[in-house]
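A quick write-up on the structure given underneath.
Every chain is numbered from 1, with letters handed out A, B, ... down the list of sequences.
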Amino acid sequence: AQKITQTQPGMFVQEKEAVTLDCTYDTSDPSYGLFWYKQPSSGEMIFLIYQGSYDQQNATEGRYSLNFQKARKSANLVISASQLGDSAMYFCAMRGEETSGSRLTFGEGTQLTVNP
Amino acid sequence: EPEVTQTPSHQVTQMGQEVILRCVPISNHLYFYWYRQILGQKVEFLVSFYNNEISEKSEIFDDQFSVERPDGSNFTLKIRSTKLEDSAMYFCASRLSLALGTDTQYFGPGTRLTVL
């Protein structure tokens, strides 16, 4: 079974600054995938970034990067140059190998507020 | 850009009534999912569907729930006799394949179900 822990229920950041959202995970699968999704107040789930457990480099997508530390079982999301539109709930999720099923397991989420 | 669509966006029903939530996954995707999110809580997996059958289901997905792919495009979730605790946002998701690296699940905008 997989478990995702997001220990920051809420985070605040000033516009144009960088922010790190924490995510730790637990799994017994030797290979797995880690995901971050953004959920604005309108409710939809927007895929942001993906990191495979065997990827040698940290994933990046525009202003989003994933600080993947496999030994620590952490997959923190870094948002650079925060914008007001980044204010939303952010969920970390993972899936294990096919034999463990393909479901995503989500964390509790972190509510990010970007202040002007 | 192709996207997952869901209808209706909001459904209000009386306790004990049947509801059908509809989804159109991305056209070349092979794997389909339903998740739910009770207000203020994390996203929970309900069921996955592949090759016209359920491949995995959670303990939430009891006999009151069923899924169907009635034609080549739609994917439906039926709740036979709704309960108050079924009130939640229901998300449909689809993915292209299971191979790690191409296995991102893309979510629809959700259907908010309110059971009175």
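- When the side chains of ILVMFWY residues are joined at heavy-atom separations under 4.5 Å, either directly or via intervening members, B:Leu46 and B:Val4 end up in two distinct hydrophobic clusters.
- Residues B:Phe107 and A:Phe47 place their aromatic rings such that the two centres sit no closer than 6.0 Å.
- For A:Gln39, the part lying under 4.5 angstrom from a heavy atom of chain B is the side chain only.
- A:Tyr50 and B:Thr104 make their closest contact through CB-OG1, 4.3 Å (heavy atoms, listed as atom of the first residue, atom of the second, distance).
- Hydrophobic clustering (side-chain heavy atoms under 4.5 Å, transitive across Ile, Leu, Val, Met, Phe, Trp, Tyr) groups A:Tyr25 together with A:Ile49.
- Criterion: ILVMFWY side-chain heavy atoms under 4.5 Å apart, direct or through other members. Under it, B:Tyr33 and B:Leu30 are part of a common hydrophobic cluster.
- A distance of 10.0 Å separates CZ in A:Arg103 from OG in B:Ser55, rounded to the nearest 0.5 Å.
- Around the CZ atom of A:Arg63, the shell of radius 6.0 Å holds more than 12 heavy atoms that belong to other residues, nucleotides or ligands.
- Taken from CZ in A:Phe35 to CD in B:Gln105, the straight-line distance is 6.5 Å, to the nearest 0.5 Å.
- Two different hydrophobic clusters hold B:Leu77 and B:Ile26 under the rule that ILVMFWY side chains link at heavy-atom gaps under 4.5 Å.
- Tracing side-chain contacts under 4.5 Å through hydrophobic residues (I, L, V, M, F, W, Y), one never reaches B:Met89 starting from B:Val47; they form parts of separate clusters.
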Please evaluate residues A:Phe91 and B:Gln37 with respect to the criterion side chain to side chain contact (heavy atoms under 4.5 Å, CB included), reporting the C-alpha separation (whole Å), side-chain torsions for both, the decisive distance (0.1 Å), and the verdict. CA-CA 12 Å; A:Phe91 289 98; B:Gln37 184 183 31; 3.4 Å; yes
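- Closest non-hydrogen pair, B:Phe91 versus A:Gly43, comes out as CZ-O, 3.1 Å.
- Rounded to the nearest 0.5 Å, atoms CD (B:Glu44) and CG (A:Leu104) are 13.5 Å apart.
- Heavy atoms closer than 4.5 Å to chain A are found nowhere in B:Gln6, neither backbone nor side chain.
- The number of heavy-atom neighbours closer than 6.0 Å to CD of B:Glu85, taken from other residues, nucleotides and ligands shown, is above 12.
- For B:Tyr35, the part sitting under 4.5 Å from any heavy atom of chain A is the side chain, from C-beta outward, and nothing else.
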